[in-house]
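For this chain, numbers begin at 1 and follow the sequence in order. Atoms within a ligand are numbered from 1 in the order they appear, just like the ligands themselves. Heavy-atom basis, side chains included; hydrogens, waters and symmetry copies ignored.
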Amino acid sequence: MQVKICISFVKELIKKVDMNMLTIKQLLVLTDNYIYLIHDDVSGETAVIDPAEAKPVLDYLAEMNWQLTYILNTHHHLDHVGANVVLKQKTGCQIVAAEVDWDRIPGIDQGLKAGDVITLGAHPIQVFETHGHTNGHIVYYFTEDQAVFCGDTLFVMGCGRLFEGTPEEMYRSLQQLKELPADTRVYCAHEYTEANGRFALSIEPDNECLQEKMRIVAQLRAEQKSTVPSTIEQERVTNPFLRVDSLGVQKTLGLIGVPPVRVFTELRKRKDNW
Ligand code: ZN
Ligand code: FE
């Protein structure tokens with residue numbers, strides 16, 4: 001049964017994280033932003049993804065005795081770049097972000113575009129351009145570590161708002177992520193899971209994987225625990241924005257058999273007004 005697949009996936013995930021050589025630390029800041037610190041023991045290199053605030057990052061670096069090597073930004077919004085300049089001043093780290101965002105990423109040192117591969121120690125990181133939430137939004141895919149840091153493009157059971165891009169662009173961006181290996185861990189930039197899940201259930205009330213996921217999420221939130229990371233497989237079976245080709249989603253929207261990108265456009269509109 002589908003429900004069992006969802007649960008066994010969580011166990012798999014725990015096993016994989018234990019075996020992984022990278023240490024990934026999640027910090028909750030502001031109201032619902034996640035900052036990620038990623039440390040490679042072998043090289044001693046450390047990256048931080050989307051530092052909204054400096055103090056929690058500096059405190060954790062000190063606690064672990066880590067040196068910050070890189071800031072990796074997914075996009076230019078203040079809740080993702082807010083601590084760039086302070087962290088660079090205090091640690092001497094390099095700031096890496098999208099080339100096209102050169103003028104609006106504070107302190108940028110290196111510009112990236114689609115297909116670029118950078119490294120943290122010996123760990124390759126592939127860059128995807130995921131326009132939609134902003135023009136120039138990028139995500140960082142750790143190809144050998146089953147992890148993608150996707151900023152405000154893909155959320156657990158949701159996706160980012162379209163501030164600068166078109167629905168077509170966001171649809172293509174999400175398709176790229178949907179095609180990553182099933183066991184890829186999804187590290188998004190916000191804890192929006194509960195609200196996203198309620199919307200998802202309103203679109204696909206009969207989706208058993210979604211129902212099961214919501215039970216797990218409710219329990220995690222009751223214990224004030226993070227619901228992130230998810231996995232690409234979990235998103236494929238629960239996230240309506242990755243399921244615009246499914247009959248359940250199309251039926252609710254009254255758009256059976258129409259091109260997926262049109263279904264996506266309508267779904268995003270509904271979420272905006274929800
Ligand atoms: Zn944003
Ligand atoms: Fe954000």
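The N, O or S atom of Asp152 with the smallest distance to the Fe ion (ligand 2) is OD2. Restricting Asp79 to its N/O/S atoms, the shortest distance to the Fe ion (ligand 2) is reached by OD2.
Seen from the Zn ion (ligand 1), atom NE2 of His75 and atom OD2 of Asp152 lie 100° apart in angle, a value rounded to 10°. Vertex the Zn ion (ligand 1); arms to His77 atom ND1 and His133 atom NE2; angle 90° (nearest 10°). Geometry about the Fe ion (ligand 2) gives an angle of 110° between NE2 of His190 and NE2 of His80, rounded in steps of 10 degrees.
Residue Asp79: no N/O/S atom is found under 2.8 Å from the Zn ion (ligand 1). Taking 2.8 Å as the criterion, His77 does not count as a coordinating residue of the Fe ion (ligand 2), since none of its N, O or S atoms falls below it.
Proximity of Asp183 to Ile232: side-chain heavy atoms (C-beta onward) are nowhere separated by under 4.5 Å. Contact annotation: the side chain of Tyr34 never approaches that of Tyr187 to less than 4.5 Å [non-hydrogen atoms, C-beta and beyond]. Within the 4.5 Å cutoff, the side chain of Ile71 has no heavy atoms near those of the Val81 side chain.
Scanning both residues, Glu204 and Leu210, for their nearest heavy atoms gives O-CD2, 3.7 Å.
Between the Thr69 side chain and the Thr46 main chain, a donor and an acceptor come within less than 3.5 Å of each other. Between the side chain of Asp109 and the backbone N or O of Ile95, at least one donor-acceptor pair lies under 3.5 Å.
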